[in-house]
Amino acid sequence: MGDTMQGLPNRAGLGFKPEHFAAIRQSAASVGFFEVHAENYMGAGGLPHAQLAALRADYALSLHGVGLSIGGPGRLNRNHLMRLRTLCDRYEPESFSEHLAWSSHGADYLNDLLPLPYTEETLAIVCDHVDEVQEVLGRRMLLENPSTYVLFEQSTIPEVDFLTEVARRSGCGLLLDVNNVFVSATNHRMDARAYLAAFPLEMVGEVHLGGHDAEELPSGPLLIDAHGTPVAEPVWVLYAEAIARGGPRPTLIEWDNDLPEWPVLLAEAHRAQSMLDHQGGTALARAS
Amino acid sequence: MHAHREFIAAFDASLKGATLPPGVTACAPDETERRFAVYRNNVASSLTEALARRYPVIQRLVGAEFFAAMARLYAEAKRPRSPVLLEWGDSFPDFLAGFPPLQTYPYMADVAAIEFARGVAFHAADAPPAAPEVFASADPSRLRLRLHPSVQVLRLTSPAVSIWTLNQPGSAPAPLTQTQPEIALILRDRAFNVPVFAISAGDAALIEQLGQGATLMAAAEMAHWAEPQHDPQPLVLRLIQSGAILDAMETPECAPKSAL
């Protein structure tokens with residue numbers, strides 16, 4: 001497995017939405033990379049592929065899968081894996097990533113990233129699945145930490161240890177979603193800083209930042225990973241701390257629902273970019 | 001050994017039902033039910049949104065609330081079988097045809113069939129259109145036209161093309177004047193738009209014959225049989241302008257069998 005950690009540039013990127021295509025082209029937007037959901041480009045042809053091919057010619061590309069069900073039991077969906085390989089062959093993305101979650105049961109696809117208990121059994125399953133993905137795609141993948149709303153009594157391994165062990169055994173990289181860290185930590189009354197302190201930042205090939213919704217329950221807030229609002233302030237703070245410690249990383253702003261106008265999205269990316277630039281400056285200052 | 005398989009089955013059963021999967025808990029245990037409900041809601045609402053993206057005119061016709069309730073029933077009955085959601089929803093027109101509350105709205109299934117066909121056309125394989133020169137000197141009796149994979153003809157039981165046209169999301173209400181069943185032509189044009197045209201019985205016969213490999217002359221004869229006053233020229237021009245004709249091959253005048 002070749003080291004493809006050099007893949008995406010250490011810059012701020014944005015999720016590509018077709019609604020923004022004209023604005024991106026007209027402004028020749030300065031964006032470090034674009035990310036797309038792989039499953040939206042599994043039709044045979046037409047506008048989606050025409051747009052993606054045009055973007056790909058000018059920008060680095062991250063292919064982000066949501067349908068492999070890496071955390072599910074049994075074999076991976078071979079047809080789906082082959083569709084991913086076709087996409088990777090066609091667009092040669094700098095990065096491919098998927099989730100520590102499951103989304104299929106048998107032949108049924110549930111269209112959500114569902115949680116799994118962290119046990120020796122599921123660790124072995126996830127490692128096998130990551131191995132299979134990397135073998136079929138012929139590339140290193142990144143595995144993303146999830147947002148979760150419940151816990152499982154059967155879990156015996158902390159999530160960070162689970163992810164670290166998958167990366168160690170399979171050689172995959174990790175995708176650190178800082179919003180997911182904040183959402184899960186808030187929901188489980190745990191310390192997001194402690195989670196990040198334990199996270200193996202040297203294995204992180206990409207960072208995600210996104211917005212969440214909040215609901216007030218009797219015991220406190222329930223946060224929901226909704227990707228329909230700006231990145232929350234506490235998430236920016238955690239992000240700043242993570243890159244100050246681990247160094248700059250390719251950083252994606254995820255905004256999938258209630259899409260804003262392009263300038264609003266671009267402003268979020270610029271904020272991340274200025275933090276990356278500032279972090280680079282402090283790192284240089286430290287080195288001299 | 002198979003604990004995870006059993007866990008996933010129990011979790012999925014809990015998504016559909018009222019129980020909780022074994023071992024599920026939360027920092028405030030009495031809120032476990034409420035927190036697990038986030039997953040139930042995510043699955044149902046994400047599938048409703050996926051269906052609404054595919055059937056925006058149906059959503060407008062029945063209203064968002066009715067659509068969401070119906071989409072949940074559909075998603076339970078016909079779960080996606082693939083993570084490629086752009087393929088999901090193919091049986092929604094049939095579901096609407098058999099959905100008891102919509103029995104007095106027989107055009108719903110037709111409108112849904114138009115919307116599904118538009119999705120198929122939108123994602124159909126790319127194929128370069130024929131250069132205009134090839135039509136210039138061609139002999140219609142030997143000319144075979146290959147159609148773009150997005151081209152579809154739907155013979156409907158209601159004036160569903162007019163209903164679809166009048167009920168675009170965001171459009172102002174307008175009276176329906178068409179009462180006769182219509183035939184829809186759906187294709188993807190050179191700018192990736194997917195228009196819907198109401199076409200005549202002759203046009204439909206012409207396209208169906210071309211699709212089956214008939215020569216232009218033979219297809220025009222069938223169109224004339226279906227519609228005595230039919231003039232094939234406007235339709236053929238529209239197909240050429242839309243980029244819906246991929247190539248035009250003149251079959252040899254008399255190909256000796258030995259040469260084949």
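Hydrogens, waters and symmetry mates are skipped; everything else that's a heavy atom, side chains included, is used. Chain A is the first sequence line, chain B the second, and so forth, proteins listed ahead of strands; every chain is numbered from 1.
Along residues 64-76 of chain A, the residues that come nearer than 4.5 angstrom to chain B, judged on non-hydrogen atoms, are A:Gly67, A:Gly71, A:Gly72, A:Pro73, A:Gly74 in order of number.
For the pair B:His4/A:Pro117, a side-chain contact is recorded, criterion being any heavy-atom separation below 4.5 Å from C-beta on. Using a 4.5 Å heavy-atom threshold, the side chains of A:Phe152 and B:Val24 count as touching. The side-chain heavy atoms of A:Trp102 and B:Phe11, taken from C-beta on, include a pair separated by under 4.5 Å. The closest side-chain heavy-atom distance from B:Ser82 to A:Met42 is not below 4.5 Å. A 4.5 Å side-chain heavy-atom check between A:Leu222 and B:Arg35 finds at least one atom pair inside the cut-off.
Only the side chain of B:Val38 comes within contact range of chain A, with at least one heavy atom under 4.5 Å from a heavy atom of that chain. Heavy atoms closer than 4.5 Å to chain B are found in the side chain of A:His80, but not in its backbone. With a 4.5 Å cut-off on non-hydrogen atoms, A:Ser103 does not touch chain B at all. With a 4.5 Å cut-off on non-hydrogen atoms, A:Asn187 touches chain B through its backbone and its side chain both. With a 4.5 Å cut-off on non-hydrogen atoms, B:Leu85 touches chain A through its side chain but not through its backbone. Residue contact with chain A, scored on non-hydrogen atoms closer than 4.5 Å, involves the backbone of B:Ala124 exclusively. The contact between B:Phe7 and chain A is made entirely by side chain atoms (from C-beta outward), counting heavy-atom distances below 4.5 Å. Heavy-atom distances place the side chain of B:Leu86, and not its backbone, under 4.5 Å from chain A. Using a 4.5 Å cut-off between heavy atoms, B:Arg188 contacts chain A through its side chain alone, with no backbone atom that close. Both the backbone and the side chain of B:Ala9 come within contact range of chain A, judged by heavy atoms closer than 4.5 Å.
Interface remark: of the candidates A:Ala124, A:Ser155, A:Pro115, A:Pro115 forms the most heavy-atom pairs closer than 4.5 Å to chain B. For chain B, the option among A:Met190, A:Arg83, A:His49 with the highest count of heavy-atom pairs below 4.5 Å is A:Arg83. With chain B as partner, the option from A:Ala107, A:Ser104, A:Gly43, A:Pro218 having the largest number of non-hydrogen pairs under 4.5 angstrom is A:Ala107. The candidate with the highest count of non-hydrogen atom pairs below 4.5 Å against chain A, out of B:Ala125, B:Ala75, B:Ala28, is B:Ala125.
Atom-to-atom distance recorded for A:Leu114:CG and B:Asn42:CG is 8.0 Å, nearest 0.5 angstrom. The OH atom of A:Tyr149 sits 15.5 Å away from the CD atom of B:Glu31 when rounded to the nearest 0.5 Å. Atom CG of A:Asp112 sits about 8.5 Å away from atom CG of B:Leu15, to the nearest 0.5 Å.
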Stepwise side-chain contact (heavy atoms from CB on, under 4.5 Å) check, B:Tyr39 with A:Leu110: CA-CA 10 Å; B:Tyr39 294 111; A:Leu110 304 175; over 6 Å; no
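Sparse packing is recorded around NZ of B:Lys78, with 12 or fewer heavy atoms of other residues, nucleotides or ligands lying under 6.0 Å away. Within 6.0 Å of atom CZ in A:Arg90, more than 12 heavy atoms from other residues, nucleotides or ligands are found, so the atom counts as buried in its surroundings. Within 6.0 Å of CZ on B:Arg34 lie more than 12 heavy atoms contributed by other residues, nucleotides or ligands. More than 12 non-hydrogen atoms from other residues, nucleotides or ligands lie less than 6.0 angstrom from CG of B:Asp30.
The side-chain hydrogen bond (donor to acceptor under 3.5 Å, both in side chains) contacts involving residues 44-65 of chain B comprise A:Asn111-B:Ser46, where partners must be two or more places apart or lie in separate chains.
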